Protein chains: 2
Amino acid sequence: MAFKIGLLGLGTVGTGVAKILLDPVGRNPLIKEITIERVGVRSLSKTRDISLSPDLFTTTLEEIVTDPDIDIVVELLGGLEPSRSLILKAIENGKHIVTANKAVIARYGEEIYTAANEAGVYVLLEGAVGGGIPVIKPLKQSLGANRINSIIGIVNGTTNYILTQMTQEKADFDDVLAEAQKLGYAEADPTADVDGLDAADKIAILASLGFGGRVKREDVYCEGIRQVSAVDINYADRLGFIIKLLAIAKGSKGDASDTLELRVHPTLVPKTHPLASINGVYNAILVEGEPLGQVMFFGRGAGEGPTASAVVSDIMNIVAILSSGGDSKTLEPLLTCTHQHYCNLTPIEALETRFYARFLCRDVPGVIGHLGTSFGKHRVSLESVVQIGFQDNLAEIVVVTHNVKEGNFRQALSEIESLEAIHSIPSILRVL
Amino acid sequence: MAFKIGLLGLGTVGTGVAKILLDPVGRNPLIKEITIERVGVRSLSKTRDISLSPDLFTTTLEEIVTDPDIDIVVELLGGLEPSRSLILKAIENGKHIVTANKAVIARYGEEIYTAANEAGVYVLLEGAVGGGIPVIKPLKQSLGANRINSIIGIVNGTTNYILTQMTQEKADFDDVLAEAQKLGYAEADPTADVDGLDAADKIAILASLGFGGRVKREDVYCEGIRQVSAVDINYADRLGFIIKLLAIAKGSKGDASDTLELRVHPTLVPKTHPLASINGVYNAILVEGEPLGQVMFFGRGAGEGPTASAVVSDIMNIVAILSSGGDSKTLEPLLTCTHQHYCNLTPIEALETRFYARFLCRDVPGVIGHLGTSFGKHRVSLESVVQIGFQDNLAEIVVVTHNVKEGNFRQALSEIESLEAIHSIPSILRVL
């Protein structure tokens with residue numbers, strides 16, 4: 001049996017997908033049953049790193065999603081539009097969908113999955129999170145027997161590269177970002193990466209799968225890494241931590257009080273934690289469940305090869321189901337998303353976590369007393385108060401708290417900010 | 001729809017499986033469709049940590065594998081017989097099989113899969129390798145688009161615990177083994193673990209999946225950790241290595257010369273390698289493929305919870321397929337094993353690797369010259385020669401080679417052994 005795919009987009013990942021399909025030797029034999037029927041691109045004249053017959057190309061993407069010969073539409077355009085409209089139109093025309101587009105799924109997943117379930121087609125997205133690391137399918141299938149307690153990931157390679165360089169080279173954010181842009185690890189407009197938006201898209205998807213409910217992307221609390229300074233990385237190091245941009249989903253699935261924390265922010269990670277040693281452009285996702293305990297998935301989170309591997313595995317998965325299931329119209333339940341309810345999210349003020357804060361102050365002995373008083377008043381208990389350095393005649397005091405309610409901590413801070421002896425509070429970070 | 005399972009064995013893992021199935025809240029909704037129909041045990045009078053109706057129990061395991069009401073037989077007896085016969089009989093009776101029994105699959109996989117493919121039933125075994133770490137299914141599915149270059153795993157928790165303790169506590173093998181037995185991390189008869197047999201079973205299974213061919217279990221080259229001494233761990237540390245028991249499958253899938261190395265042995269792993277930091281009872285499996293690059297899977301490799309999680313995921317997987325595929329008799333190709341040919345294994349003498357060897361000798365300056373000559377004669381090139389310590393008036397010399405053919409290295413060693421100045425060669429280890 002042969003299955004025909006239409007590729008929307010032939011950029012880095014699309015080229016990687018085509019390369020795998022055109023060179024099947026030594027791969028799963030199912031690959032030989034997949035043929036590229038059409039390729040939708042923006043420009044027909046661009047020279048490309050792949051030899052495909054010119055007849056396959058079109059700039060009219062609509063033609064692909066409505067082509068009656070095509071079984072599976074592979075959307076690799078990225079961005080919200082026209083991806084969303086093309087995916088919906090393809091579904092309407094009975095095509096199965098494979099995509100690596102986290103943004104469109106994080107924002108329009110509900111609309112897309114509702115349409116897909118009605119039409120009886122699959123929408124698979126292994127490439128959307130963690131590049132070639134198998135994590136979407138394991139969350140749906142292999143880990144499904146568990147009550148998931150938490151999913152904590154380093155899911156953005158650009159920011160992990162930047163933080164790793166800042167840590168290892170003791171360099172500043174702006175310099176490392178400029179270097180990352182030169183190397184192609186960061187885009188000209190780095191907003192989606194450095195402000196945590198890409199990581200937020202991904203954790204929204206992972207949380208929805210792991211916790212079995214819908215998640216509104218705009219409800220993910222999100223802080224990027226622009227405010228992380230070399231000074232804080234250095235203090236963190238002395239206190240036994242590494243600073244990482246973590247995407248965190250933490251809940252109590254199956255519990256009556258069933259709430260979910262969903263957040264992306266730079267975090268002090270203890271050096272002994274499995275995520276502390278994930279460096280450079282690598283990604284890792286740590287899942288904790290009952291009765292499983294911890295499992296971690298690690299690999300390159302982006303790039304032509306890894307993401308193409310994930311996309312082709314999704315195509316193969318659909319082909320495998322189609323070639324065995326006959327024309328049954330019942331979807332395989334572990335490959336579909338049928339969540340009806342929304343996860344009940346914990347507002348950030350109600351979050352309980354440890355904090356790290358750095359204060360610049362004029363009068364050290366007085367300040368430590370004031371800090372203690374203000375924190376105590378708001379039930380913030382301190383794990384350590386350290387006075388380490390000086391900056392421009394101002395003393396630097398670093399505080400690490402025990403687990404506290406974020407709301408209480410913020411109230412204490414706003415009181416502390418108004419103290420005469422406090423010059424400023426340059427950094428506030430959460431601690432894992 | 002309800003699906004009925006028969007459990008063969010209600011030990012640690014069986015109890016874990018029953019606990020998950022009896023407590024479905026917060027888990028994948030598919031769990032609710034699975035009921036325990038029969039439980040086969042050795043003794044009906046044993047008190048158990050689970051409340052199941054006494055009517056379910058039987059000591060006649062044959063009854064379960066022939067029971068017409070049962071859809072899936074879950075084999076958790078371990079060992080070769082009666083597991084093999086019961087699995088075959090269950091298949092003959094049209095039951096799907098879920099097992100965590102690496103030994104029976106590594107040895108009788110060919111017979112079992114041939115029977116299963118003829119009968120049109122699934123045999124799933126996620127629990128057989130890496131406990132709750134999803135690795136079997138990712139190898140079959142998510143990584144199938146790749147040409148696998150290597151699978152390198154720490155797949156035995158007992159030996160990893162022992163080596164970790166020897167490294168961290170500078171303790172000797174016998175003491176740590178005794179302690180591990182007291183803690184329940186090692187069995188009274190530790191042979192299967194410490195001699196590498198369990199790891200060999202597991203790498204035989206992983207290699208067969210990753211490289212798409214049959215593997216004869218007896219062809220896996222296997223050395224255990226009994227000969228690893230605290231002295232070598234210490235020297236390895238000074239040279240920048242950690243000693244780990246690695247299970248290695250390395251090949252060139254898709255290549256014309258298509259050969260596969262398959263081996264289990266203690267190995268010096270560079271401290272910067274992802275596997276170097278996997279400590280205690282944890283397992284990790286590192287897969288390298290084209291175009292994927294490296295991915296690593298990490299978690300607890302054994303125990304009630306993790307293995308039960310894997311077993312239930314397999315049951316769910318079969319239930320998902322059955323509930324969507326109607327009564328189609330075509331198996332889903334990514335869930336089955338249909339390899340017809342045997343992998344072409346590289347004999348250990350033809351292996352190319354780096355070596356570490358420790359010599360005890362009487363006359364240092366003379367010996368270094370002789371070592372150089374003998375190694376040179378057999379085309380063994382040395383990366384470093386270090387004289388570090390003394391033992392009972394004998395000097396210790398440690399040698400690390402460049403990549404050499406194992407056969408050449410062995411020839412050089414047998415020549416060196418006969419040298420007057422050489423007292424003995426207490427350790428020979430491979431280097432990753």
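Hydrogens, waters and symmetry mates play no part in the numbers below; they use all other heavy atoms, side chains included. A note on names: the letters A, B, ... follow the listed sequences, proteins ahead of strands, and every chain is numbered from 1. None of these values were measured; they are calculated from a predicted model.
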Residues A/Asn146, B/Ser309; criterion side-chain hydrogen bond (donor to acceptor under 3.5 Å, both in side chains); working and verdict:
CA-CA 7 Å; A/Asn146 293 274; B/Ser309 159; 2.8 Å; yes

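Panel note: side chain A/Ser208, backbone A/Ile205; no donor-acceptor pair is recorded below 3.5 Å. Judged by distance alone, the side chain of A/Asn160 and the main-chain N or O of A/Ile278 form a donor-acceptor pair under 3.5 Å.
B/Ile20 touches chain A through its side chain: at least one heavy atom from C-beta onward sits under 4.5 Å away, while N, CA, C and O do not. With a 4.5 angstrom heavy-atom cutoff, A/Glu304 does not touch chain B via any of its atoms. In this structure, chain B has heavy atoms under 4.5 Å from both the backbone and the side chain of A/Asp23. In this structure, the portion of B/Lys140 lying under 4.5 Å from any heavy atom of chain A is its backbone and not its side chain. Contacts of B/Leu334 with chain A are made by both backbone and side-chain atoms, with heavy-atom separations under 4.5 Å. The part of A/Leu30 that comes within reach of chain B is its side chain, from C-beta onward, which places non-hydrogen atoms under 4.5 angstrom from that chain.
Here B/Asn317 is the residue among B/Val319, B/Thr307, B/Thr338, B/Asn317 with the most heavy-atom pairs under 4.5 Å with chain A. Counting heavy-atom pairs under 4.5 Å between each of A/Pro274, A/Pro306, A/Gly132, A/Gly303 and chain B puts A/Pro306 at the top. Per-residue heavy-atom pair counts under 4.5 Å with chain A were compared for B/Glu290, B/Arg300, B/Gln294, B/Lys19, and the maximum is reached by B/Glu290. Top candidate by heavy-atom pairs under 4.5 Å with chain B, chosen from A/Ala145, A/Pro134, A/Gly299, A/Gly16, is A/Ala145. Ranking A/Pro291, A/Pro138, A/Pro29, A/Gly289 against chain B, the residue ahead of the rest is A/Pro291, based on heavy-atom pairs under 4.5 Å. Heavy-atom pairs under 4.5 Å with chain A peak, among B/Val287, B/Val312, B/Leu292, at B/Leu292.
For A/Phe298 and A/Tyr282, the distance between ring centers is under 6.0 angstrom.
Looking only at side-chain heavy atoms (C-beta outward), B/Ile5 and B/Ile315 come within less than 4.5 Å of each other.
Counting only N and O atoms by type, the side chains of A/Asn279 and A/Lys244 include a donor and acceptor under 3.5 Å apart. In this structure, a donor-acceptor pair under 3.5 Å is absent between the side chains of B/Thr15 and B/Asp49.
The minimum heavy-atom distance linking A/Ala284 with A/Leu275 is given by the pair CB-CD2, 3.8 Å.
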